[in-house]
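Because the structure is a prediction, the values reported are computed rather than measured.
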Amino acid sequence: MRWLTVIIATGIVLFAACYTTASADTDSEMLSFLDGGSLSTDVRISLGFLYGAGCRPDGLGNPVSTVRGELVSVCGNPAGLAFLESSGVLIDVLPPLGASVSDLADLNTRAASMLDDALESADNPELELTYPEVDATAGQQAGIVSGVFAARIGRVVIGGAIEEPLSVGFEIVDTGIEAFGETVKDEEGGDVDIAVRATLDAAADLSVSVRRSTLAAATQLSPKIGVGFALNSYHASAGLTSIAVGDGIMDYGGTEYAFNNPDDPWNNRLDQSASGSFEGAALGWSAGASWRITRSLTFDVNYTTVPDVVMEGSVTIIENMLAAISDDGFDANEISASQPTLTEYSETIEDDPLHLHLPSHMGAAVSLRTGIVLTTLEYRHYDGMIGFAYQDYSEGVLLGDGIGMELEIGRLRLGGGVITAELQGKSANDNGSNAILIPLANVGMGFELGGGMRADTMFLALPLQVLRVSLSYQF
């Protein structure tokens, strides 16, 4: 959610901040009018990293236990493959699903609060301020997100999978931001009144995805004990495209000049754009063991190491901006008397790597079947955080320990748990505790269709809304 509020506020805050800091030689500069316009966003997220392939997770997501579905053990605990009785294939399909974020969070209030913070130095009791109207939706990425196969070759079972454990997409359109500001410039012939009325429209598209390819093998050391190993290849990519286009009129000493006027012999475009892409790859592995103590009791352990993915690439930033606008605010002394709307062109290429963090983890699970009820208790310890780092900025959640429980009652499956975590980076609260608890819950059902066919569904999976359908065929 923090990502969303930051994106919502960025265009508004940067635009307003240009009017809020007085220049070195005058304190008469002020913002008289600001209309925040409207902002609409569409956020699409797929977080299979938490749940793995299939629709039969444990209480904490991607299964450590092996008794519910040996086929999807390719992506969880590979030791489960050792007990696979027949070859099989599986695909996961996510149908389109979305909801209004405003039902879960008051984004209008958050955007208004950020705008108030940006304008706190604008000392003008007559300021006319209209806050932005925010419309935000969130949902899941639709389509086929994973495929799994496994086959027995003598005493060894091999398997493979292609997944998309992480996919995030933002589409943002910000329109109708309008502001009016005025100041006084001290020149040799006397004071010159300067007034600027400007508008801003902006749009951005940000995407991040991780694809994982897995090759696994398992065997039985005895009729009750199986071991497995999997090699995981991670490929990550990220892309950014954004543009902000400004327009307006400057009144300099009673004469009006227009931005983006092709008749003026100087550059007076007012815009900014950024575009770039990053890619990277890394290898990880997973190992596990499964002990079928009795027909009703199973004990499983698993360790999965997930490397940090370093993505190489670059971002190109192009700006046509007034020299009077800087990080320190608006300095009227930088406005030229002969070319008031003169803007400076600059192009910057940033080629620092983007680091994507996903946590490694080890876990243990005990499963007990009594009649039609299958109960699993599990514990996991995570090493690392979910997040990213770019230049000197980092953001993420450091995961700690988790406890979960899964119940399978006939066709119905209920799961849940909690993971201790700590906020990192800008999300951290410097004035209090950064410790948080992440709750997980899932609800699903499974159906045997006959002829080796099976359909599973997962229609609730906190902390992210999800609806998933898995189709498997064993032969």
Side-chain angles (χ1 to χ4, degrees), residues 46-81 83-97 139-151 157 159-165 167 212 214 216 290 298 300 302 365 367 369 371-376 378 404-417 440-475:
S46 171
L47 200 57
F49 171 77
L50 286 177
Y51 299 102
C55 295
R56 310 178 77 179
D58 288 345
L60 295 179
N62 202 358
V64 172
S65 62
T66 63
V67 294
R68 284 184 173 82
E70 292 88 350
L71 188 59
V72 295
S73 296
V74 173
C75 307
N77 184 349
L81 290 175
F83 300 96
L84 189 68
E85 296 180 357
S86 58
S87 303
V89 294
L90 175 145
I91 60 170
D92 284 323
V93 181
L94 295 181
L97 184 67
Q140 65 181 20
Q141 301 276 25
I144 297 176
V145 294
S146 57
V148 181
F149 83 91
V157 179
I162 299 176
E163 308 167 78
E164 190 175 58
S167 179
R212 177 171 59 190
T214 300
S290 179
T298 301
D300 297 287
N302 171 246
S367 301
R369 184 181 295 276
I372 64 169
V373 179
L374 175 60
T375 304
T376 297
E378 63 171 320
M405 180 178 181
E406 179 85 3
L407 289 175
E408 184 173 313
I409 308 171
R411 295 176 177 177
L412 178 66
R413 295 186 300 278
L414 305 171
L440 284 86
N442 64 80
V443 178
M445 297 189 73
F447 305 90
E448 298 290 347
L449 303 179
M453 292 287 294
R454 178 181 177 88
D456 293 278
T457 62
M458 186 163 56
F459 37 81
L460 172 65
L462 299 178
L464 292 175
Q465 173 180 278
V466 79
L467 176 64
R468 177 183 291 192
V469 178
S470 293
L471 299 174
S472 61
Y473 174 59
Q474 291 188 274
F475 52 91

Of all the heavy-atom pairs spanning [X] and [Y], show the shortest one and how long it is.
X: A53; Y: C75; result: CB-SG, 3.7 Å
X: V148; Y: A161; result: CG2-CB, 3.9 Å
X: A216; Y: L81; result: CB-CD1, 3.8 Å
X: G446; Y: D456; result: CA-OD1, 3.3 Å
X: P63; Y: P57; result: CD-CA, 4.3 Å
X: F149; Y: V89; result: CB-CG1, 4.0 Å

Side chain to side chain contact (heavy atoms under 4.5 Å, CB included) between L374 and L407, worked out: CA-CA 6 Å; L374 175 60; L407 289 175; over 6 Å; no

Please test T214 against E163 for side chain to side chain contact (heavy atoms under 4.5 Å, CB included), starting from the C-alpha separation and ending with a verdict. CA-CA 8 Å; T214 300; E163 308 167 78; 4.2 Å; yes

Kindly determine whether R454 and F447 satisfy side chain to side chain contact (heavy atoms under 4.5 Å, CB included), including the steps that lead there. CA-CA 6 Å; R454 178 181 177 88; F447 305 90; over 6 Å; no

For E406 and R56, run salt bridge (Lys or Arg N to Asp or Glu O under 4.0 Å): C-alpha distance rounded to whole Å, both residues' side-chain angles, the deciding distance at 0.1 Å, then the answer. CA-CA 10 Å; E406 179 85 3; R56 310 178 77 179; over 6 Å; no

With sequence neighbours excluded, residues passing ring pair (Phe, Tyr, Trp, His ring centres under 6.0 Å) with Y473: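 With neighbours one apart ignored, the set is F475.
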
Of all residues at least two apart in sequence or in a different chain, which pass the salt bridge (charged side-chain N to carboxylate O under 4.0 Å, His left out) check with E85?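 E85 satisfies salt bridge (charged side-chain N to carboxylate O under 4.0 Å, His left out) with no residue once adjacent residues are dropped.
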
To the nearest 0.5 Å, how far apart are CZ in R413 and OG1 in T457?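 So the CZ of R413 and the OG1 of T457 are separated by 6.5 Å.
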
To the nearest 0.5 Å, what is the distance between CD1 on I91 and OG on S470?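 These two atoms lie 8.5 Å from each other.
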
Trace of the side chain to side chain contact (heavy atoms under 4.5 Å, CB included) decision for Q474 with L84: CA-CA 10 Å; Q474 291 188 274; L84 189 68; 3.5 Å; yes

Could you tell me whether the side chain of S472 reaches within less than 4.5 Å of the side chain of M453, counting heavy atoms only?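 No, their side chains stay 4.5 Å or more apart.
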
Hey, does the side chain of E378 reach the backbone of G59 with a donor-acceptor pair shorter than 3.5 angstrom?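 Flag set: sc E378 to bb G59 pair under 3.5 Å.
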
Heavy atoms from other residues, nucleotides or ligands near CD1 of I162 exceed 12 (cutoff 6.0 Å):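 No, not enclosed.
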
By the definition side-chain hydrogen bond (donor to acceptor under 3.5 Å, both in side chains), identify the one residue from T66, D300, D58, T376 that meets it with S367.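 Running side-chain hydrogen bond (donor to acceptor under 3.5 Å, both in side chains) over T66, D300, D58, T376 with S367 returns exactly one hit, T376.
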
Let me know which of V443, D92, N442 forms a side chain to side chain contact (heavy atoms under 4.5 Å, CB included) with M458.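 Exactly one pass, corresponding to N442.
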
